[in-house]
Amino acid sequence: MDRTKDWRQYQIGIGHKNSLELYKTVDKNERFYTKRHWEGVRTNGLPAAVLPYAKRIVDFKVAMVASDRVSMTFTPQGVSDDANDELSLLQRKIASQLTDYARTVAENTKFDEMNSNGLLDAAISGDMVSFWFWDESIDAGNGIMGDINGHLVDNVNVFLGDVNTPEINNVYGPVQPYIIIAFRKNVKEVRDEFRREAEKRGMSEDEIEAEIENITPDNETGNQAGDRAKIELNEDEESGKCIVLLKMWREYRDGKWHIMARRSTEYVVIRDTWDTGLHRYPVAWMNWDIRKGSCHGEAEMTSLIQNQVIIDKLASMIALWIYRHGFTRMIYDKSRITSISNDITQAIAVNDAASAGGVGAVAQYMQPAQLSAAVQSFFTMFITLTKEAAGANESILGEAAPTNTSAIIVNSKNAAVPLNNIKQRFYRYIEDVGLIWLDFWMSKYTQYNGRQIEITRDGVKQVITLDTETLKNMRLKLRIDVSPSSPFDEAAQQQTLDNLLAQQHITFVEWLERVKKGIIPDKEGLIEARTGEEARRRAENEQFMWEIMAKEMREIEPTLPDEARNQLQMLQRNDPMAYEEQTKALIREHIRQPRPYAYNVEGGGGA
């Protein structure tokens with residue numbers, strides 16, 4: 001039975017990863033991250049101490065990179081910001097809608113959580129890889145099925161045609177000659193998919209059954225990431241899994257790139273070649289640390305393992321020394337005490353107590369030995385140097401006493417400087433994902449004459465109809481905006497807001513709208529209640545002011561010429577705002593004029 005061409009290329013990719021020892025490295029790094037430091041090691045009585053500093057450093061770096069708030073902003077190409085023609089205004093409106101819709105897609109696909117998990121993957125395996133696809137099972141409303149979906153893929157399961165560059169796409173289109181992604185799929189589901197596709201191709205039932213017999217569970221789990229991924233049920237064909245390969249490649253025609261695809265197992269083509277409709281690979285890739293001339297990056301955990309081993313061994317040897325020498329031990333005269341016990345409720349019988357030395361010479365406690373100060377000093381120094389070399393000082397890990405807040409903030413920000421390169425690669429990854437989403441919008445959404453999308457603007461959810469006819473002919477650019485966010489930045493921002501409120505430069509509602517979520521319970525409900533209360537007060541104040549103005553105008557109007565009174569009446573009917581301004585001006589002028597003496601003395605002016 002002949003293997004498929006894609007399977008042969010897949011085996012070549014496995015050989016390349018083996019030459020890099022990627023599978024062994026990923027498995028080892030994953031063990032150390034999950035604090036299984038001594039697995040497979042014979043300790044020969046040595047305590048197996050685990051002080052997971054490597055995990056803590058990895059968690060810190062991942063959190064620091066993921067903490068920045070990153071957003072996507074789309075703008076139309078070839079349209080000036082000050083252009084006022086109808087088409088330019090429409091294109092800017094659509095770009096603004098897509099900017100808002102990107103947040104909806106991020107929420108629907110759990111993009112923030114995916115990024116956190118993906119960064120952890122990169123710190124452990126060297127790469128973060130996400131795969132995006134058109135999910136036809138999603139109900140988009142109005143009888144339309146299909147929308148964007150995506151998930152992470154382990155780097156050990158992605159095989160690039162050019163293994164010497166991690167670049168999948170550039171700004172203008174696909175870069176890799178091909179990409180193969182290996183999935184572990186349930187055999188029953190694979191067979192069902194093959195049957196549907198075979199029926200579309202017009203295969204007979206006998207041909208379908210013959211091919212289905214070649215789709216069977218396999219044991220190809222040795223190249224999966226992590227020890228537990230290698231353990232599957234595989235008890236029968238219902239629970240068994242097999243490798244399914246998705247191969248994507250680029251073809252240039254009609255003046256643009258087309259992404260072609262094919263899905264197959266080891267022996268069977270599940271779905272033959274089809275045009276995905278996309279113009280860039282739906283795969284985003286990020287290295288943690290760059291290795292020149294390689295698509296795979298260097299994991300953070302890899303460089304920490306050797307130091308972690310030394311820390312664990314030192315801690316274990318110190319613990320063993322303390323077990324053996326750190327406690328007081330009793331010595332006694334065996335000729336005078338036949339048996340001894342530490343039970344405080346029992347007396348100890350002593351023979352010949354009147355002998356020289358008396359009872360006190362029968363037994364004594366030996367003082368414990370002292371652990372070498374050099375050992376203690378080296379152990380502490382080694383842990384400190386390991387953390388500092390990794391850019392994780394005491395301030396950033398929360399171990400420093402908060403006696404000088406400004407110094408802690410400065411130290412923490414200085415420690416985060418080495419992460420800037422990793423952050424830049426993360427921002428590029430976000431940009432790649434945004435361009436993939438844009439490719440789906442341009443290729444899939446424009447298949448419909450107007451598509452409803454859900455956006456949130458100023459805290460209000462809106463369902464709008466996207467002008468797909470205009471979108472189809474647009475060219476859009478993507479900009480990534482970054483708002484740095486750390487516990488220290490957030491504390492400073494909160495303090496600034498509190499000060500603005502205390503000094504009455506902002507209202508309580510404005511403070512609530514800007515305060516971080518989670519600090520105030522039911523923040524939205526409180527904003528709604530206070531907004532309603534403030535609106536009621538404003539209405540009462542306006543009513544009160546109108547009553548005062550009406551009273552003043554009753555005194556002023558008789559003194560005005562007929563023409564001026566007629567103009568005021570016309571303004572009141574046709575332009576209430578202009579009438580209000582004119583009325584205020586008349587009242588201010590009336591107040592500034594000197595009043596008759598009779599009105600300025602107590603009781604004057606009365607009839």
Side-chain angles (χ1 to χ4, degrees), residues 59-60 63-73 96 99-100 103 106-107 112-113 115-116 392-417 419-420 423 427 455-462 479-549 577 580-581 584-585 587-588 591:
D59 286 340
F60 146 69
M64 286 296 291
V65 176
S67 65
D68 290 345
R69 289 186 284 267
V70 185
S71 59
M72 304 176 186
T73 301
S96 176
T99 296
D100 293 329
R103 290 191 287 270
E107 182 179 345
D112 289 340
E113 180 183 353
N115 287 338
S116 296
N393 60 32
E394 292 182 347
S395 300
I396 202 71
L397 291 175
E399 297 173 355
T403 55
N404 189 333
T405 306
S406 299
I408 289 175
I409 292 175
V410 170
N411 287 340
S412 303
K413 290 188 174 181
N414 289 341
V417 168
L419 291 174
N420 284 345
K423 287 187 174 185
Y427 304 153
I455 64 174
T456 301
R457 185 169 290 176
D458 298 327
V460 179
K461 185 176 74 172
Q462 304 175 21
R479 184 183 75 245
I480 299 300
D481 298 318
V482 181
S483 301
S485 176
S486 71
F488 310 104
D489 294 326
E490 291 174 2
Q493 292 168 6
Q494 184 61 47
Q495 185 63 48
T496 302
L497 278 175
D498 294 344
N499 291 339
L500 289 172
L501 179 64
Q503 297 168 16
Q504 298 183 350
H505 294 305
I506 61 175
T507 66
F508 182 58
V509 171
E510 290 172 332
W511 180 86
L512 280 174
E513 288 172 343
R514 288 159 179 80
V515 76
K516 192 175 186 295
K517 287 185 177 181
I519 294 178
I520 305 295
D522 192 22
K523 185 175 79 169
E524 287 74 16
L526 188 56
I527 290 174
E528 184 177 349
R530 290 304 295 262
T531 302
E533 177 64 19
E534 288 187 4
R536 185 186 64 80
R537 289 179 181 176
R538 283 197 300 270
E540 290 179 353
N541 291 337
E542 289 176 1
Q543 179 65 28
F544 179 67
M545 288 301 299
W546 274 108
E547 290 176 359
I548 293 176
M549 289 169 61
M577 292 185 65
E580 182 180 350
E581 292 300 321
K584 288 179 180 178
I587 292 173
R588 282 194 294 268
I591 292 173

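Only a predicted model underlies this, so the values are computations on that prediction, with no experimental measurement involved.
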(message) Can you tell me how far apart CH2 (Trp511) and CG (Leu497) are? Round to the nearest 0.5 Å.
(response) 8.0 Å

(message) Give me the atom names and distance for the closest heavy-atom approach of Arg457 to Gln462.
(response) CB-NE2, 3.8 Å

(request) Grab the two heavy atoms, one from Val482 and one from Asp68, that are nearest each other, plus how far apart they are. (result) CG1-CB, 3.9 Å

(request) Please report the closest heavy-atom contact between Val70 and Ile480, naming both atoms and the distance. (result) CG1-CG2, 3.3 Å

(message) Please report the interatomic distance OG1(Thr73) to CZ(Arg479), rounded to the nearest 0.5 Å.
(response) 4.5 Å

(message) Can you confirm whether Gln503 is buried at CD, in the sense that more than 12 heavy atoms of other residues, nucleotides or ligands lie under 6.0 Å from that atom?
(response) yes

(message) Can you confirm whether Glu510 is buried at CD, in the sense that more than 12 heavy atoms of other residues, nucleotides or ligands lie under 6.0 Å from that atom?
(response) yes

(message) For a 4.5 angstrom cut-off between non-hydrogen side-chain atoms, does Ser96 reach Asp100?
(response) yes

(request) Can you measure from CD (Glu107) to CG (Asp112) and round to the nearest 0.5 angstrom? (result) 9.5 Å

